[in-house]
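Data block below; observations after.
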Amino acid sequence: MGRMSTVDDPRESLEFLQGTLEVLILRSLQIAPNHAYGISQFIRQQSENEFVVDNGSLYPALQRLLQREWISGEWKMSPNGRRARYYKLSALGRKQLAKSQSEWRRFVQAMSRILEPQQ
Amino acid sequence: MMREWWAKVRQAWSRRRNLADLRDEIEAHLEFAREDNEARGMTSEQARREAARQVGNKTLLEENAREAWVFPRLESLWQDLRYAARGFRKSPAFTVSTIVTLALGIGVNTAIFSVVYAVLLRPLPYPASERLVWLGESTGKAAGISVTWLNFEHWRAENRSFEDLAAYHTGDFTLTGRGDAVLTHAGLVTSAFFKLTGSRPLFGKLFSTEDERFGAAPVVVVGYEFWAHNLGANPNILGTTLDLNGTAYQVVGVLAPGPKFLNRPFDLCLPLGPHEDRLDRGRHGSTRVLGLLKPGVTLAAARADLDQIMRRLDVSDPSTEKGHDAYGEYLIETRTGEIRPTLMLLMGAVLLVLLLACANVSNLLLARSTERVREFAIRSAIGAGRARLARQLFSETLLLTFAGGAVGVAVAAVCLRVLQHTAPSDIPRLSEVSLDVTVLAFACAVTLLAGLIAGMAPVNSASNLDLTRALKEGAPGAGSGRRREALGRLLVAGEVGVTVVLAFAAGLLVRSLLIAQTAYPGFDADHVLALELQLPPGAYTNGDAAERFYFNLKEKLRREPGVEAVGSVNCPPSAGDCGDWWYSVPGRAVPSREDVPLTLTNIADADYFRTMHIPLKAGRDFSDADRAGAAPVAIVNDTLARRWWHSPGEAIGQEIKLGGPYNKGPLLQIIAVAGDVSQLGLDTIPEPEMYSPFSQNRSGAMVVMMRTAGEPESLARAVRRDVASLDRNIPIQSLKPFRSWLAAPLARRRFSTLLLGVFAALAFVLAGVGIYGVLNYWVRARQREIAVRLALGAQSSRVLAWAGSHIGRLLASGMIAGLAASWAVSRWLSSLVFQVSPRSPSMLLLALAAVIFIAALAAAMPFWRAVHTDVVGNLHDF
């Protein structure tokens with residue numbers, strides 16, 4: 001899917017694993033509805049600049065989530081008086097997020113058991 | 001994912017709005033980024049530029065997001081198709097010729113397939129029709145002869161292979177007492193017959209086994225058509241009686257309209273049961289048996305089962321019939337066995353025509369793709385992959401072939417209508433032919449196949465494109481020119497081969513038809529009017545009455561002005577086999593049971609041979625002296641006489657025994673040998689035949705022949721009047737010039753020959769077009785070379801010889817392939833040709849000559865162009 005860009009960071013880029021960008025979007029919307037720019041800022045800040053979301057991946061991902069009805073979009077005024085499309089997590093999306101989180105947990109545990117076995 | 005897929009479909013209608021939303025959103029994004037940058041202390045100009053850099057290429061962003069809305073593969077196909085359609089509109093000549101070629105190929109295939117499907121493949125319209133079999137008896141010599149009643153009863157009671165067996169035969173009954181006498185076609189059937197053929201009553205009931213009992217009250221079930229058309233669709237018909245051959249039958253039911261069992265539907269059904277003359281195991285009538293196999297039982301096993309019953313009967317009831325076996329075939333084969341080779345031949349022919357059409361289209365596409373070499377080179381230079389190019393070519397071909405297919409179905413509909421109007425009526429189920437789902441599916445498959453075959457060569461040559469050369473040279477013919485030429489040559493050689501095969505087959509059939517049509521029938525068929533009569537048995541039960549009637553009728557007819565002679569016969573030439581029987585010649589070696597010879601049997605009166613101008617090779621005509629009670633006599637035909645004696649004269653006075661050595665039958669003295677006539681049709685070889693005198697073998701069914709001075713038709717009215725003046729109740733079966741009797745059996749041959757001729761003509765046109773195309777291209781690609789040669793002083797004849805040797809090599813290889821294929825195909829033709837060897841060398845030569853002629857025609861234009869090459873113009877272009 002997307003690729004982590006290294007605009008501000010000299011280190012090697014990390015690639016998003018298949019489908020992870022969608023989960024990150026869902027997670028960012030769990031806190032509050034947000035617009036596309038806000039979502040990308042949230043992911044970047046939360047990952048401490050490890051993930052820089054490429055807009056070329058962000059927008060298609062948002063479209064896919066809309067089509068699956070995991071999120072919905074609505075035009076609203078931002079606090080600083082700008083018209084923006086705010087995305088909101090749907091009930092379906094909430095369920096999907098919970099599922100993805102538990103899957104992720106299992107995935108990480110399995111990976112680390114292999115990569116960093118405790119003797 | 002269903003939800004996502006559905007959303008894409010829904011979004012197809014609101015894409016414009018979605019796009020506007022997306023653009024607004026990206027604008028907003030840009031603004032947010034700029035504000036953030038300003039907040040971090042950049043100048044407004046710096047912030048704007050930095051934001052733009054962060055957002056990136058807006059158009060690409062839109063593109064990426066939009067991909068989520070669509071089906072990329074489908075859309076690119078759609079794009080290809082639209083692009084192709086634009087291209088086709090720009091070259092209408094190419095488009096029209098391709099579509100017409102394909103439509104012809106697909107159209108004739110669909111039409112012939114619809115006939116093949118309806119006649120040969122579609123299951124018969126009966127319940128469990130795939131298990132229905134037709135049963136008869138067989139001797140060593142004859143298979144499928146009638147089953148005697150006694151054998152049938154044993155089969156029915158003792159078999160272990162059939163769910164049910166039904167016996168049936170047909171009979172003609174005259175219905176009287178309801179206006180004019182009507183001759184009806186009745187089926188005498190056992191009650192199981194209705195069950196096996198899925199017949200149901202419209203009202204009333206069908207027979208039960210009770211009605212089959214000997215001595216049961218006579219009852220009749222009326223067929224729907226007959227009830228509707230001849231009995232006034234009378235709803236109160238039940239309980240009334242029909243007088244059939246003088247016996248009153250009570251109507252117990254009317255059949256619902258349904259599938260017809262035979263080509264000619266039964267008007268009436270009468271119960272078939274044991275009868276005093278059916279209790280002799282050797283007494284054959286015309287009864288056949290219909291059986292429904294138990295599921296899983298093969299026909300062979302069932303026959304073995306019945307054979308066992310026959311063996312037991314041979315022991316318990318030793319009769320003259322010892323050694324008969326059961327004979328059976330699947331009903332669908334019985335119904336269509338005869339027409340099968342003809343239809344398969346036609347199907348093969350149209351498939352070849354389709355191949356030709358594909359080859360031509362392939363050639364057209366090749367030529368076009370060669371002209372587009374630059375276009376492809378450019379597209380591939382800016383990044384179109386080979387697969388992408390191939391896909392585009394295929395979508396173009398598909399678009400073309402499906403346009404061709406659609407027009408082809410229309411062509412098929414027209415062809416079918418013509419077929420149904422011109423085909424002889426004795427092809428079973430022809431009226432049921434239609435362009436139904438199966439046929440349309442076939443058309444689709446053929447179209448797809450045609451597209452794949454035709455598209456293969458161009459795609460193959462395009463994906464082997466030499467990019468650099470194509471871009472540099474750019475002229476038509478550059479790049480893949482050589483390769484394209486080799487492919488084109490191969491295609492044309494193939495076309496020539498296929499055309500040779502079709503021309504050869506069509507030539508054989510046309511020659512056969514011509515021979516048959518002009519064959520001497522053995523008599524003078526012109527100026528003869530034939531009156532076919534069948535006296536109702538009720539009023540004419542004894543022979544005296546029939547003899548008196550025919551005597552009076554002939555007297556009356558002879559007195560009509562314009563009638564020169566009147567004679568009558570039971571089974572006129574070309575009417576087929578009206579009966580045959582075993583015979584033997586006393587004093588000669590007694591043949592084994594399997595080898596007893598058969599002769600056709602016929603009845604003629606004393607004036608027949610004279611009236612028809614059938615020559616008597618030896619002996620005397622029948623005379624009034626050959627009465628019932630006098631010594632029984634016979635006239636045999638030349639073929640029979642030659643089989644036993646050296647000359648016709650030797651046969652006179654000899655005797656033949658009817659029935660052969662193992663069956664009862666009279667001893668007949670041969671009084672004359674008559675010339676052979678085309679008894680089984682003009683396209684047959686004469687069989688042994690024997691005539692007995694009408695006066696000794698009186699029949700109610702005779703065809704009265706009148707030799708007329710003028711046109712036979714002019715007498716028809718007088719003849720009808722004469723018949724009616726003798727007996728109003730006699731239905732006239734037919735009254736027509738004898739020529740039409742002769743023509744009738746040839747109708748099928750004429751039909752298949754005509755069709756094959758049309759297909760061969762189509763092949764000629766296609767091959768001609770193909771040769772023209774390849775040669776034309778060849779000349780165009782060598783225009784400069786020719787110009788140089790001419791400029792250096794070459795004669796036109798040299799140029800011609802050069803081009804000629806090119807086409808000559810092509811033709812030769814095609815013709816050699818065609819000859820080999822013709823040789824292989826001739827095996828299948830042997831059942832369809834008449835008096836021509838299916839490997840006739842002269843026909844092969846004729847086919848080759850025809851192909852060379854077509855090639856010469858097709859080559860004329862390109863050759864002319866080659867010789868008239870504009871030398872100066874071409875040299876300037878260097």
How about A:Y59 and B:E25: do any of their side-chain heavy atoms sit closer than 4.5 Å? yes

Which portion of A:L92 sits near chain B, non-hydrogen atoms under 4.5 angstrom: side chain

Where does the angle between the aromatic ring planes of B:H29 and A:Y37 fall among parallel (under 30°), tilted (30 to 60°) and perpendicular (over 60°)? perpendicular

Gap between atom OG of A:S78 and atom CD of B:E35 - 0.5 Å precision: 7.0 Å

Could you look at B:N18 and say if it's the side chain, the backbone, both or neither that has a heavy atom under 4.5 Å from chain A? neither

Interface moiety of B:L22 toward chain A, non-hydrogen atoms closer than 4.5 Å: side chain

Between A:R85, A:R83, A:R82, which residue shows the highest count of heavy-atom pairs closer than 4.5 Å to chain B? A:R82

Value rounded to 0.5 Å, distance of CG in A:N55 from CD in B:Q54: 8.5 Å

